[in-house]
Amino acid sequence: MDRINNKTLLSILCAPGDNTLSVVNPATGELLGHIPTQTEAEIEQAISLAEEAGNSWKQKTAKERALVLQRWYRLVMDNQNDLARLMTLEQGKPLAEAKGEVAYGASFIEWFAEEAKRACGDTIPGHTGDRRLLTIKQPVGVVGAITPWNFPLAMITRKAAPALAAGCSFVCKPANQTPLTAYAVVELAYQAGIPKDLLQLVIHQSPEVVGRVLCASETVRKLSFTGSTRVGRLLARDCAPTIKRMSLELGGNAPFVVFDDADIDAAVSGALASKFRNAGQTCVCANRFYIHDDVYDAFMDKFIAAVDQLTLGNGLDESVFVGPVIEASAKQRLQRLVERTVEQGSRVVKGGQPQDGLFVEPTILADVEQHMDIVQEEIFGPVAPVLRFSSDEQLIAMANDTIYGLAAYFYSRDISRIWRVAEALDYGMVGINEGVMSTEVAPFGGVKQSGLGREGAREGIEEYLETKYLCFGGIQ
Ligand SMILES: NC(=O)c1ccc[n+]([C@@H]2O[C@H](COP(=O)([O-])OP(=O)(O)OC[C@H]3O[C@@H](n4cnc5c(N)ncnc54)[C@H](O)[C@@H]3O)[C@@H](O)[C@H]2O)c1
Ligand SMILES: O=C[C@H](O)CS(=O)(=O)O
């Protein structure tokens with residue numbers, strides 16, 4: 001039994017009851033424990049407490065806020081192994097990936113501790129001689145957040161860090177499948193000196209209940225959501241009555257393109273990293289592969305051989321590259337998707353064999369056509385549909401043929417083609433000869449129905465600031 005050895009968490013776990021959530025290890029099906037949930041009244045109380053705590057937090061100087069965030073960063077990194085093990089237990093990703101996520105999540109805390117001190121306004125040349133104009137930046141106020149299970153730590157810190165750096169307070173609902181990592185990283189924030197009422201987690205058996213309370217509250221001035229486009233639409237609808245600021249990090253459908261002039265070995269390496277990271281359960285995973293006719297056989301031979309080397313199993317086993325998917329409904333959806341794609345005319349050329357528990361074998365589908373359902377769906381699992389193309393124009397049309405616009409990837413060594421294709425792809429982020437591009441220093445986000453706003457980089461803190469214009473008149 002892979003028990004939780006984190007004493008902090010053991011203090012959070014509780015006996016099963018009517019108002020508790022159970023947390024299960026997706027690799028083994030074993031119960032990890034139960035956590036208490038909050039009632040609607042308690043969620044509303046959390047919002048009130050956050051508003052009060054925010055009133056004093058925003059009075060602190062940027063440097064004072066930065067010092068607390070820097071302590072939080074160091075505590076997260078000091079506890080990287082414990083947090084990573086906990087993440088693997090409740091989410092399933094391999095330990096090495098979990099350690100990587102802890103460092104990635106911590107990097108946002110480190111980054112926005114510094115950005116807190118750069119939330120500057122502007123002075124503006126006046127439009128008349130007797131006026132002086134300037135702008136100042138002020139915190140949005142109480143921020144509500146809802147985060148997904150696939151990155152149970154980083155999706156919280158990618159929001160909480162800029163919000164706290166900006167002087168906001170933060171009430172977050174983590175995913176019901178992966179609350180333990182959330183509670184552990186927030187406990188470290190408290191140890192760093194972040195007031196408990198300023199940064200709160202709330203959770204309910206029904207996520208809709210928390211969404212309804214956060215969206216309806218006039219005290220909550222902003223909602224920051226990371227999750228599916230389906231839920232993002234619902235939250236945008238429910239935030240309309242109170243005209244909330246919104247950050248939406250939603251679904252993706254990334255094309256992964258190999259041109260005839262690509263470095264095939266580099267493309268295969270990028271394909272493995274982009275497609276099978278987190279068992280294919282990331283918003284920026286390669287979702288459909290477009291391979292130029294002239295290099296199709298060379299790429300497929302190497303891609304199939306490389307996928308054959310991927311080990312599937314419990315993420316605590318350091319030899320494992322692909323862990324389980326998060327829950328039974330995800331596995332069933334993937335099985336139905338592969339079956340339907342084969343019925344529509346594709347062929348399984350690697351994987352596709354039944355596996356125990358929540359494991360899904362890394363699978364490659366060949367002879368996929370643009371009209372097939374899988375080309376329009378966010379797969380969110382270790383399944384790689386492969387299509388062919390013959391011209392740049394045809395490729396751009398197929399790659400952009402989606403409601404999503406988060407990430408895209410292509411491999412080419414022709415600089416003119418690189419610029420033409422990079423500018424023509426309708427996505428928020430484009431990897432060029434690169435399969436994994438996420439970093440705290442660059443703006444993360446999408447266009448079309450992949451979301452609104454950006455996280456990380458200089459842009460990330462602006463999501464939690466308001467710009468106030470001050471006009472000084474009567475200047476003699
Ligand atoms: N763009 C990004 O940065 C990014 C990052 C991670 C995941 N995602 C997307 O998230 C999806 C997978 O994550 P998921 O399965 O957790 O998504 P999801 O939308 O089902 O759930 C996300 C969060 O919303 C909550 N939720 C679900 N229904 C809700 C409702 N009606 N009201 C309020 N809250 C609700 C869930 O409990 C969870 O906390 C994929 O589409 C993936 O692309 C996007
Ligand atoms: O799945 C969503 C994450 O944002 C992916 S990444 O770790 O930021 O690349």
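Every number for a ligand or one of its atoms is a count from 1 in the order of the listing. By convention here, the first residue in the shown sequence is residue 1.
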Novice: Could an N or O of ligand 1 be found under 3.5 Å from any N or O of Asn150, whether backbone or side chain?
Specialist: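 No, Asn150 has no N/O under 3.5 Å of an N/O on ligand 1.
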
Novice: Which atoms of ligand 1 are found less than 4.0 Å from any heavy atom of Pro148?
Specialist: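 Counting atoms of ligand 1 from 1, those under 4.0 Å from Pro148 are 6 (C), 7 (C), 13 (O), 16 (O).
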
Novice: If we only consider heavy atoms of Trp149, is any one of them less than 4.0 Å away from an atom in ligand 1?
Specialist: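 It does; at least one heavy atom falls under 4.0 Å.
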
Novice: Starting from the N and O atoms of ligand 2, find every protein N or O within less than 3.5 Å and list the pair with its distance.
Specialist:
from	atom 1	to	atom 2	distance (Å)
ligand 2	1 (O)	Asn150	ND2	2.9
ligand 2	1 (O)	Cys283	N	2.9
ligand 2	4 (O)	Arg158	NH1	3.1
ligand 2	4 (O)	Arg158	NH2	3.3
ligand 2	7 (O)	Arg277	NH1	3.3
ligand 2	8 (O)	Tyr104	OH	2.7
ligand 2	8 (O)	Arg158	NH1	3.1
ligand 2	8 (O)	Ser438	OG	3.4
ligand 2	9 (O)	Arg277	NH2	2.7
ligand 2	9 (O)	Ser438	OG	2.4

Novice: Could you tell me which atoms of ligand 1, counted from 1 in the order shown, lie closer than 4.0 angstrom to a heavy atom of Leu406?
Specialist: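 This gives 1 (N) as the contact atoms.
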
Novice: Are any of the heavy atoms in Arg212 under 4.0 Å away from ligand 1?
Specialist: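 No heavy atom of Arg212 comes that close to ligand 1.
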
Novice: If you count the atoms of ligand 1 from 1 in the order shown, which ones are under 4.0 Å from a heavy atom of Phe380?
Specialist: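 Going through ligand 1 atom by atom, the ones under 4.0 Å from Phe380 are 12 (C), 40 (C), 42 (C), 43 (O).
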
Novice: Residues in salt bridge (charged side-chain N to carboxylate O under 4.0 Å, His left out) with Glu459, at least two apart?
Specialist: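 Salt bridge (charged side-chain N to carboxylate O under 4.0 Å, His left out) check on Glu459 returns nothing, list empty.
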
Novice: Closer than 4.0 Å and a protein heavy atom, does any atom meet both conditions relative to atom 21 (O) of ligand 1?
Specialist: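 It does not: no protein heavy atom is found less than 4.0 Å away from atom 21 (O) of ligand 1.
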
Novice: What atoms of ligand 1 come within less than 4.0 Å of a heavy atom belonging to Glu208?
Specialist: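 Those atoms are 30 (C), 31 (N), 32 (N).
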
Novice: Could you tell me which residues satisfy salt bridge (charged side-chain N to carboxylate O under 4.0 Å, His left out) with Asp373, sequence neighbours excluded, listed by chain and number?
Specialist: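 Listed in chain order: Arg340.
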
Novice: Looking only at distance, does Arg230 have an N or O less than 3.5 Å from an N or O of ligand 1?
Specialist: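 No; every N/O pair is 3.5 Å or more apart.
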
Novice: So, 4.0 Å and heavy atoms of Ser450: is ligand 1 close enough to count as a contact?
Specialist: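 Heavy atoms of Ser450 never come under 4.0 Å of ligand 1.
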
Novice: Lys159: what forms a salt bridge (charged side-chain N to carboxylate O under 4.0 Å, His left out) with it, not counting sequence neighbours?
Specialist: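 Partners of Lys159 by the salt bridge (charged side-chain N to carboxylate O under 4.0 Å, His left out) criterion, ordered by chain and then number, come out as Glu455.
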
